[in-house]
Amino acid sequence: MKTRVGARRPSRPTGAKRHPRGDSSRRPEATAEAPLSAAKKVERSVIELPQSLTVKELGELLKVSPAQIIKELLNNGFMANINQTIDYDTAAIVAQDLGFETKEQQTAELGLTEAAEQERIAEDQSALVPRPPVVTIMGHVDHGKTSLLDAIRETNVTAREAGGITQHIGAYQVEIHGQKITFLDTPGHEAFTAMRARGAQATDIAILVVAADDGVMPQTKEAIDHARAANVPIIVALNKIDKPNANPERVKQQLADAGLLIEDWGGNIVCVPVSAKKKQGIEQLLEMILLVSEMGELKANPTGLGRGVIIEAELDKARGPVATMLVQRGTLKVSDNLVVGQVSGKVRAMFNDRGKSLRKAEPSTPVKILGLSEVPKAGDTFEVVGDERTGRLIAANRAKQKQAELATAQRAVTLDELFSQIQTGQVKELNIILKTDVQGSIDPIRSSLERLSTDSVKVKIIHQATGNITESDVLLAQASKAIIIGFSVRAEPGARKVADTAKVDVRHYDVIYNLVEDVSKALQGMLEPTYIEVIDGHAEVRQLFKVGKNEVIAGSAVTDGKIGRSDFVRVNRDGKVIFDGKIASLRRFKDDVREVATGYECGIGVEGFNELQPGDVIEAYRKEKAS
Ligand code: GDP
């Protein structure tokens, strides 16, 4: 646990000069760049301390025994054990008491220099070498995604590893003509987009499985849009060609209608007929993957520290957190120190998809590792760091950053804020996901929306379909910074929840004109912000008083919540709303008041409404800008 003692530290002994935050401007430093002149003599040596460290580590840094550190801490009114983590301020006090000057080491700087160095290594063009492509299989349910993944795995076990037992670790590698291909073993565009929504792009090529007897179905179209939104090339695997009712030509036609023009049809999309069941066409499919990957010139630098992404992870009762990770750059080695998201750890053991123990793993290799302190999430990125402490510091720093980010919540694109987002250059394209109740509504809405494109912002429908708004739509919106427009459809409960957390803007309309007008106004910065109602409380009218000529004041009792002077009110009589307006006056006895709480009596005047009666219920509400 990290403890801060600065605040409750007893008053300092006099005479001890301290710079708790390491004010470097006030004293000379013995650095290589600035050798000390004879005039600038330093009696105390300067020590750089991290933002947090253990008592033991502080002892090592200061070259004194941990016992001495503990004693100094005690002198300052703080009890600690040898493994306790203390913060910079505390460590600085101890160090200064022991005759050191202190300077705070910047974690960010530390991370940055390292990151910059890694970036330099990674970008070093001369060191880039081709790497295996990483492939995800997508398509409609029951079109054969799982069967195809199994068929590929079974037919292409590398010769030298044959006999090894296949392990389901979430990804596997096959070899063809001496070249490797990595497959992610969780089929479907949902997993793919969920990873993207977490900021990770692991896939280089999407295989779109379409059953030749069934053709293009809703999830086929969805998969196409998800792959396109991610800019990932698509290869079509025309599956189940063994079936007597397979109709490849019809499927190709449907694909063309869905915007995928395959090579036979004059387009550039590769299409390979396969049968996952009969294991036909598998080799051709793999060859095509290599071809497409060569065109994409997939390269990475295998030197430098390993970096990549978590594919899946779980807690194993016996072995602790177990994670399948895909190395994307550099080389991951056993005993490397890692930061994964906000968690640090060490690679204690590493295995490939056949359970074989590995010492190191190069780019595009999926590996299963043991040694993390917690279970990370799929889509978290990992990086190797120089030592354990750096790992801990970066992880702690990230946790802090995350909190700061949450506080200033990085806003998704919203119609309300679109104009300012365009003005500040954050948005150049308005991505829209359009869900409608019937097919017939799609085209007119789509074309009306696309016509709203201006020079500064392009309106782009990245996915359109009939049916309710699903979780998958929301993930796509999150990953692609899109808004969702529902036309005469609702959001499924799960989708609504995810949208709320991810702050994805979901709009509902029943009239095309309103829909188009809202988007148009948003583009011009003229959209009225949407408001939500917050009910403040209720009051029951007990008796009436006449003031002035016409004005009626209702002597009322606040039955729940509170009534605010600036509230809007609805007057309910016999369960029906008979008037909706604003409060004109709110008084307790003769005094105007700002609000009246539950259990109190007050006089309420309603603007423009003098027909109040005893027994009426006044509902007070506020309008708040929806966030
Ligand atoms: P998924 O939902 O896309 O993962 O589809 P599955 O792999 O579970 O396959 C759905 C069904 O189609 C299963 O009954 C498979 O046996 C069958 N199937 C898959 N591929 C083929 C194929 O090439 N030919 C035939 N005839 N059936 C297949």
Side-chain angles (χ1 to χ4, degrees), residues 134-157 166-174 176 181-195 202-203 205-228 230 232-252 254-255 258 260 262 264 269-289 311-312 324 353 366 378 463 465 467 470-473 475-476 494:
V134 180
V135 180
T136 296
I137 297 202
M138 302 180 181
H140 195 72
V141 65
D142 280 346
H143 279 197
K145 298 181 290 293
T146 316
S147 310
L148 187 61
L149 273 165
D150 289 346
I152 293 169
R153 180 169 19 212
E154 283 160 28
T155 45
N156 281 76
V157 172
T166 310
Q167 314 260 315
H168 283 264
I169 68 166
Y172 65 82
Q173 248 183 354
V174 297
I176 177 162
I181 303 175
T182 303
F183 283 88
L184 299 184
D185 208 355
T186 318
H189 53 272
E190 289 88 354
F192 167 84
T193 300
M195 282 253 248
T203 304
I205 297 171
I207 304 293
L208 181 69
V209 178
V210 191
D213 60 334
D214 201 24
V216 170
M217 298 302 277
Q219 283 166 23
T220 318
K221 288 189 189 159
E222 218 172 275
I224 295 173
D225 291 341
H226 281 234
R228 281 205 166 140
V232 168
I234 297 173
I235 296 177
V236 175
L238 199 52
N239 192 29
K240 308 199 187 183
I241 43 149
D242 58 291
K243 284 192 132 181
N245 56 343
N247 188 347
E249 286 313 304
R250 188 178 71 111
V251 180
K252 289 175 189 172
Q254 290 172 333
L255 285 169
L260 270 197
I262 63 166
D264 297 6
I269 303 289
V270 175
C271 173
V272 188
V274 296
S275 164
K277 191 171 173 181
K278 300 250 155 87
K279 304 203 173 37
Q280 287 167 0
I282 305 294
E283 196 159 323
Q284 288 87 321
L285 178 64
L286 297 181
E287 280 166 358
M288 286 304 150
I289 293 173
I311 302 296
E312 61 176 49
T324 295
D353 51 331
H463 177 55
T470 62
E471 220 174 299
S472 160
D473 295 328
L475 284 175
L476 179 61

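Atoms within each ligand, like the ligands themselves, are counted from 1 in listed order. Residue numbers start at 1 and run along the sequence shown. These values consider heavy atoms only, across backbone and side chains, with no hydrogens, waters or symmetry-generated copies. Quick caveat, the model's predicted, so the values are computed rather than measured.
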Which of these passes side chain to side chain contact (heavy atoms under 4.5 Å, CB included) with P187: V209, V141, L149? L149
For residues D473 and T470, is any side-chain donor paired with an opposing acceptor at under 3.5 Å? yes
Per-atom contacts, ligand 1 versus H140 - under 4.0 Å to a heavy atom: 3 (O)
Of all residues at least two apart in sequence or in a different chain, which pass the ring-ring contact (aromatic ring centres under 6.0 Å, His included) check with H189? H226
Any nitrogen or oxygen of G144, main chain or side chain, under 3.5 Å from a nitrogen or oxygen of ligand 1? yes
Quick one: which ligand 1 atoms are inside 4.0 Å of a heavy atom on D142? 1 (P), 2 (O), 3 (O), 5 (O), 10 (C), 12 (O)
Would you tell me which option among N239, D242, T146, I137 has the nearest heavy-atom contact to atom 24 (N) of ligand 1? D242
Is a side-chain N or O of D185 found less than 3.5 angstrom from the main chain of Y172, in a donor-acceptor match? no
Winner among G188, G281, S147, A276 once heavy atoms are compared against atom 7 (O) of ligand 1: S147
Take atom 19 (C) of ligand 1 and look for protein heavy atoms under 4.0 Å from it; say yes if you find one, no if not. yes
For residues A202 and M195, report the shortest heavy-atom separation together with the two atoms involved. CB-CE, 4.0 Å
Looking at atom 14 (O) of ligand 1, would you say a protein heavy atom lies below 4.0 Å from it? no
Atom 21 (C) of ligand 1: of K240, K278, K145, the nearest heavy atom sits on K240
Among all protein heavy atoms in this structure, tell me which lies nearest to atom 27 (N) of ligand 1, with the distance rounded to 0.1 Å. K277 CD, 3.7 Å
For ligand 1, find out whether one of its N or O atoms is nearer than 3.5 Å to an N or O atom of V274. no
Listing request: all salt bridge (Lys or Arg N to Asp or Glu O under 4.0 Å) pairs with a residue in residues 209-224, at least two apart in sequence or in separate chains. D213-K243
Answer yes or no: is there a side-chain heavy-atom contact under 4.5 Å between H143 and Q219? no
